[in-house]
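Everything on this sheet refers to the single structure shown next.
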Amino acid sequence: MTVIQTRKPLLETLKGQRADRLPMWLMRQAGRYLPEYRALRAEKGGFLELVHDSAAAAEVTLQPIRRFGFDGAILFSDILVVPHALGQDLWFEAGEGPRLAPKLVDATLEALTKAPERLLPVIETVRQVKALLPGETTFLGFAGSPWTVATYMVAGQGSREQAETRRFAYRDPKAFQQIIDAIADLTISYLSDQISAGVEAVQLFDSWSGSLSPAQFEDWVIAPTAKIISSLKARHPEAVVIGFPKGAGGKLPAYAREVGADAIGLDETVDPVWAHQNLPKNLPVQGNLDPLALIAGGATLDAAVTRVIDAFADRPHVFNLGHGILPDTPIAHVEALVARIRG
Ligand code: CP3
């Protein structure tokens with residue numbers, strides 16, 4: 001029997017080929033800008049309830065694929081399920097954001113009772129999506145990078161410039177290293193489980209890497225990220241990893257050289273022309289339309305899209321936003337963007 005290989009433009013691009021069409025997906029593509037997401041979230045009672053209900057989370061993962069036909073489906077979950085599995089309580093305050101307790105400025109890691117079973121519903125979501133996903137769609141898993149996850153674990157919530165966590169890391173680098181190591185170790189097994197259950201590539205979100213000094217960036221971003229990627233590749237030689245060090249700016253070339261990611265995500269503050277000139281020649285890049293240009297729409301959106309596409313015309317490129325799509329993004333603008341990228 002001849003097996004016909006399904007073509008997956010996104011996966012091929014992440015592996016370093018230039019596909020015959022530009023693949024696209026959008027960070028946070030499953031979420032509040034979609035009425036079908038808001039309806040299901042209301043029915044389930046909240047965001048975490050949705051994440052823990054594998055059938056509902058699988059449905060939410062597929063909603064943007066059905067509506068827009070994106071090339072990638074990203075697992076519906078959150079980066080904070082890892083602290084939850086390390087034993088912190090996790091909840092979302094309406095209109096404010098995530099909360100974790102006890103926060104690690106007040107408590108030690110050893111005081112927490114690990115609860116790895118809290119990740120099982122997410123792995124079940126992977127299995128269910130895998131069975132339902134169109135053949136040409138690439139399935140993306142993800143986790144937060146240790147630094148970004150640690151900022152929530154230490155402060156117990158999102159924080160301005162991550163000052164509390166940076167102070168902690170200067171004051172007690174040994175204790176902070178233990179936190180980074182605990183997150184990294186669980187992240188390796190969690191991503192490995194996602195890959196075993198069916199995701200084809202994983203993205204490491206380092207949303208707050210921009211607040212670190214160069215030396216801290218080496219210790220808390222580059223070193224643990226390199227460890228996660230090399231361990232994953234030892235377990236799964238085929239593993240494909242996208243590193244997304246948001247805000248890294250001038251530290252991007254070092255990150256690209258040192259962490260071993262297959263592709264690098266760029267946020268909207270990075271000049272795409274600069275990135276093309278300063279990143280290794282054939283390294284695949286992902287990004288980096290400003291989410292606010294998508295909200296603006298019209299000629300502004302068109303010009304911003306052209307700038308990104310033209311800059312990366314000579315290397316493998318995955319079209320994406322520079323950060324997550326915002327809840328007040330008009331659906332008509334997403335439709336216009338898809339039509340534009342699809343040519
Ligand atoms: O991209 C996707 O569609 C997949 C799902 C996904 C979510 N969060 C769902 C979510 C992903 C990849 C994330 C990543 C995430 N979560 C990050 C890194 C990327 C980034 O955006 O910086 C961070 C820092 C978090 C932590 C987090 N989760 C915060 C700060 C918040 C509250 C702020 C907000 O946007 O509501 C969340 C909640 C969250 N995670 C929502 C979704 C769809 C909104 C929940 C809701 O109200 O329905």
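Keep in mind that this is a model prediction, so the values were computed, not measured. Remember, it's 1-based here, ligands and their atoms both numbered in the order they're listed.
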- Query: So, Ser54 versus Gln128: side-chain donor-acceptor pair below 3.5 Å or not?
  - Reply: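 Their side chains do not contain a donor-acceptor pair, so the 3.5 Å distance test is not met.
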- Item | Residue pair Gln157 / Glu96, side-chain donor-acceptor N/O under 3.5 Å | no
Before signing off on this row, confirm whether [X] and ligand 1 have an N or O atom pair separated by under 3.5 Å.
| X | answer |
| --- | --- |
| Arg41 | yes |
| Thr148 | no |
| Trp25 | no |
| Tyr152 | no |

Look at [atom] and find which of [options] reaches it with the closest heavy atom.
| atom | options | value |
| --- | --- | --- |
| atom 5 (C) of ligand 1 | Gly144, Gly97, Ala30, Ser77 | Ser77 |
| atom 30 (C) of ligand 1 | Ala143, Ala42, Pro98 | Pro98 |
| atom 34 (C) of ligand 1 | His323, Gln203, Arg32 | Arg32 |
| atom 8 (N) of ligand 1 | Leu204, Asp78, Leu40, Leu34 | Asp78 |

Which heavy atom of the protein is the closest neighbour of [atom], given with residue, atom name and distance?
| atom | answer |
| --- | --- |
| atom 41 (C) of ligand 1 | Phe47 CE1, 3.7 Å |
| atom 13 (C) of ligand 1 | Arg28 NE, 3.4 Å |
| atom 11 (C) of ligand 1 | Phe142 CZ, 3.6 Å |
| atom 14 (C) of ligand 1 | Ile79 CG2, 3.7 Å |
| atom 18 (C) of ligand 1 | Ser207 OG, 3.1 Å |

[X] versus [Y], closest heavy-atom pair with distance:
| X | Y | value |
| --- | --- | --- |
| Phe244 | Asp267 | CE1-N, 3.9 Å |
| Asp271 | Val273 | OD1-N, 2.9 Å |
| Trp91 | Leu100 | CZ3-C, 4.3 Å |
| Pro121 | His52 | CB-O, 3.6 Å |
| Ile79 | Tyr152 | CD1-CE1, 4.4 Å |

Which ligand 1 atoms are under 4.0 Å away from a heavy-atom of [X]?
| X | result |
| --- | --- |
| Leu75 | 4 (C), 5 (C) |
| Ile74 | 1 (O), 2 (C), 3 (O), 4 (C) |
| Tyr37 | 43 (C), 45 (C), 46 (C), 48 (O) |
| Phe76 | 43 (C) |

- Message: In terms of relative ring orientation, are Phe142 and Phe205 parallel, tilted or perpendicular, with 30° and 60° separating the classes?
- Response: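 Taking Phe205 first and then Phe142, their aromatic rings stand perpendicular (interplane angle over 60°).
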- Message: Closer than 4.0 Å and a protein heavy atom, does any atom meet both conditions relative to atom 43 (C) of ligand 1?
- Response: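 Neighbour list for atom 43 (C) of ligand 1 includes protein heavy atoms (cut-off 4.0 Å).
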- Judged by non-hydrogen atoms, does Phe92 sit under 4.0 Å from ligand 1? yes
- Counting heavy atoms not belonging to Arg66, are there more than 12 under 6.0 Å from its CZ?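 More than 12 within 6.0 Å, yes.
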- CD of Glu238: more than 12 outside heavy atoms within 6.0 angstrom? no
- Qualifying side-chain hydrogen bond (donor to acceptor under 3.5 Å, both in side chains) pairs with a residue from residues 310-325, counting only residues at least two apart or across chains: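 Listed by first then second residue: His276-Arg315.
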- Query: Lys246 side chain to Ser209 main-chain N or O, any donor-acceptor pair under 3.5 Å?
  - Reply: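 Looks like no, no N/O pair under 3.5 Å.
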